[in-house]
K.L.:
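Can you read through this structure? Questions will come right after.
Here, residue 1 is the first one in the sequence, and each next residue gets the next number. Read the numbers this way: they start at 1 and go in the same order the structure lists the ligands and their atoms.
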Amino acid sequence: MSCIEHKTTSSPSNGEAGRDHNPFDVMEPRAPQKTPVDRKNGKHVKANAIPPQGVYLPNNNILAPHMKSPEYVQLSTAAAITLGIMGGRMYGCECTRCLNLLLTYPEGCRANCAYCGLARHREADRDYADRNFIRVDWPAVPMSDIVDIVAKDPENSPFHRMCISMITHPRSEDDTFTVLEQWTDRIDPDAIPVSILSNPTTMTRDDVQRTKDLGADIFTVALDAATPELFDRTRGKGVQSPHKWSKYWDIMLEARDIFGPQKFGAHIIVGMGETEYEVLNLVQELVDLGGHSHMFCFFPEQGSLMDHLPATPRDQWRRVQLARYLIDYRGVRVSQMRFDEQGRVTGYGVPATELSDIIDEGIAFRTSGCPGKFQDDISACDRPYGDSPPSDIASYPFAPKKKDLKRIRKQLDIPVTLE
Ligand code: SF4
């Protein structure tokens with residue numbers, strides 16, 4: 001299987017109400033509503049006895065209560081297209097380099113994170129297998145079918161990495177081990193390395209160790225919120241969700257110990273109310289620990305408790321993207337950068353010509369995540385349009401072309417010097 005990247009175009013965007021960043025007081029999630037008893041905990045789905053049959057496309061509405069991990073997993077639309085189990089085209093790229101898998105259960109994720117399409121409160125109006133997550137549908141597929149396809153020729157697979165996303169569920173750890181084992185039994189993890197996107201809330205150090213022993217290469221923690229206050233508001237008691245900032249850090253530090261330098265990291269969503277200074281300090285802290293940050297631009301996911309809020313203005317996002325890249329991969333320290341009184345980046349701590357060259361390379365503006373086979377600072381996990389529509393790209397799932405870079409420079413408010 002091959003994969004070709006194509007040119008793309010994008011259109012301008014502005015922050016809402018003329019804002020060039022999303023401040024804390026604006027980014028307040030809605031309060032979750034009470035779920036009717038007959039929809040709680042997947043009851044409505046579990047009341048059926050329909051066996052699952054092959055690929056389940058979201059909105060099939062067949063209510064298959066036995067469609068659950070470890071036998072079944074959900075996978076991103078991009079991965080399903082790349083695998084050839086779903087038709088369709090992706091704007092600007094023909095495939096994804098990362099096979100993103102998601103554990104699945106009729107009762108779904110038991111957490112209630114405010115920005116997330118998989119959150120528990122959605123059981124009131126949408127079955128788990130039909131929920132959108134990072135802007136796209138996630139078809140459910142037997143894990144054995146996925147392994148059968150990839151195991152035919154792992155060395156020449158378009159996938160440079162596989163990732164298992166755990167959710168908050170009592171079976172999450174055991175099923176992650178089983179799915180991982182099913183993969184590494186047939187596919188050499190040196191040919192296609194595996195990342196774990198963990199759910200620290202229910203995990204112990206032994207669980208982290210077990211993922212390593214079973215062949216995982218990188219362990220990440222979806223911290224998502226950049227400060228303890230934001231974490232609590234969007235993923236903790238602010239939205240009746242079980243997560244705790246301290247537990248996420250505990251598990252990340254266990255992962256640092258077990259997986260070692262450059263093999264652990266954290267996901268961070270930019271634009272949920274933190275300042276640029278706060279998020280870049282977190283990026284620096286992760287680098288100082290020996291890890292990496294994987295950034296997402298906040299997008300108001302339909303059906304989530306934050307779907308009424310503005311997406312991150314592109315200038316805030318571009319400043320953070322560029323500064324994060326400099327800290328993560330170019331040895332620049334946050335202490336060398338300058339910030340205004342609202343915490344916005346005003347200086348990147350490198351000479352203008354060097355900064356210009358780095359912008360022109362375009363890598364800083366690509367999707368960030370675990371590396372693939374091209375080079376360390378190019379993520380396998382390209383998540384096409386997971387944080388923006390193709391008309392206003394936040395994270396580029398392909399190398400930005402000249403016209404993209406021209407637009408990026410405008411968004412950064414740095415003069416255009418491209419010919
Ligand atoms: S734990 Fe993860 S999957 Fe579950 S609601 Fe929170 S962000 Fe979504």
Side-chain angles (χ1 to χ4, degrees), residues 27 29-33 35 40-42 58 68-69 72-76 100-138 140 163-173 175-176 179 195-203 207 219-226 230-249 251-252 265-272 294-307 309 369 381 383 386-387:
M27 300 303 287
R30 275 189 278 117
Q33 299 300 303
T35 304
K40 262 192 176 173
N41 225 359
K68 58 188 172 193
S69 295
Y72 267 74
V73 291
Q74 286 177 258
L75 75 176
S76 68
N100 290 101
L101 305 182
L102 185 64
L103 298 185
T104 189
Y105 306 95
E107 57 277 8
C109 182
R110 304 318 296 156
N112 219 15
C113 305
Y115 47 84
C116 182
L118 301 178
R120 189 187 69 229
H121 70 92
R122 293 198 75 193
E123 64 191 359
D125 55 26
R126 204 155 178 83
D127 297 332
Y128 189 73
D130 297 329
R131 289 180 210 162
N132 48 297
F133 175 51
I134 59 169
R135 299 190 70 256
V136 296
D137 287 336
W138 290 67
C163 176
I164 306 172
S165 295
M166 300 170 74
I167 59 174
T168 307
H169 188 279
R171 290 206 45 83
S172 195
E173 286 77 35
D175 293 341
T176 297
V179 167
S195 292
I196 304 292
L197 175 55
S198 66
N199 166 45
T201 296
T202 55
M203 290 188 92
D207 294 329
F219 188 99
T220 63
V221 164
L223 200 54
D224 292 353
L230 266 183
F231 187 100
D232 214 35
R233 170 156 99 170
T234 57
R235 324 196 59 188
K237 54 181 184 302
V239 282
Q240 297 152 33
S241 194
H243 302 316
K244 288 200 165 58
W245 172 266
S246 56
K247 175 70 179 179
Y248 271 60
W249 274 91
I251 290 295
M252 187 161 57
H267 287 199
I268 311 169
I269 302 175
V270 173
M272 292 210 297
H294 303 162
M295 309 290 254
F296 297 68
C297 183
F298 172 74
F299 186 87
E301 181 88 39
Q302 194 185 356
S304 74
L305 297 172
M306 294 176 82
D307 64 1
L309 295 172
C381 185
R383 307 186 294 277
D387 63 1

K.L.:
Which atoms of ligand 1 sit under 4.0 Å from any heavy atom of A119?
P.N.:
5 (S)
K.L.:
Could you confirm whether C109 has any N/O/S atom lying under 2.8 Å from atom 4 (Fe) of ligand 1?
P.N.:
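So C109 does bind atom 4 (Fe) of ligand 1 by this criterion.
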K.L.:
Can you sort out which atoms of ligand 1 are near T168, meaning under 4.0 Å from one of its heavy atoms?
P.N.:
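Answer, ordered by atom number: 1 (S).
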K.L.:
For ligand 1, note which part of R235 has a heavy atom under 4.0 Å away: side chain, backbone, both or neither.
P.N.:
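Answer for R235: side chain.
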K.L.:
Kindly write out the residues that satisfy side chain to side chain contact (heavy atoms under 4.5 Å, CB included) with S69, not counting sequence neighbours, or none if the list is empty.
P.N.:
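Per chain and number, S69 pairs via side chain to side chain contact (heavy atoms under 4.5 Å, CB included) with V73, L103, T104, Y105, D175.
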K.L.:
Are more than 12 heavy atoms, taken from residues, nucleotides or ligands other than K247, located less than 6.0 Å from that residue's NZ atom?
P.N.:
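Check passes, neighbour count above 12.
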K.L.:
Would the Y248 and F231 ring centres measure less than 6.0 Å apart?
P.N.:
yes
K.L.:
If we check side chain to side chain contact (heavy atoms under 4.5 Å, CB included) with I196, which of these qualifies: T220, T176, V221, D207?
P.N.:
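Of all the options given, the one that passes is T176.
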K.L.:
Between ligand 1 and R120, can you find any atom pair, the residue atom being a heavy atom, that is separated by under 4.0 Å?
P.N.:
no
K.L.:
Quick one: salt bridge (charged side-chain N to carboxylate O under 4.0 Å, His left out) partners of K237, sequence neighbours excluded?
P.N.:
D232
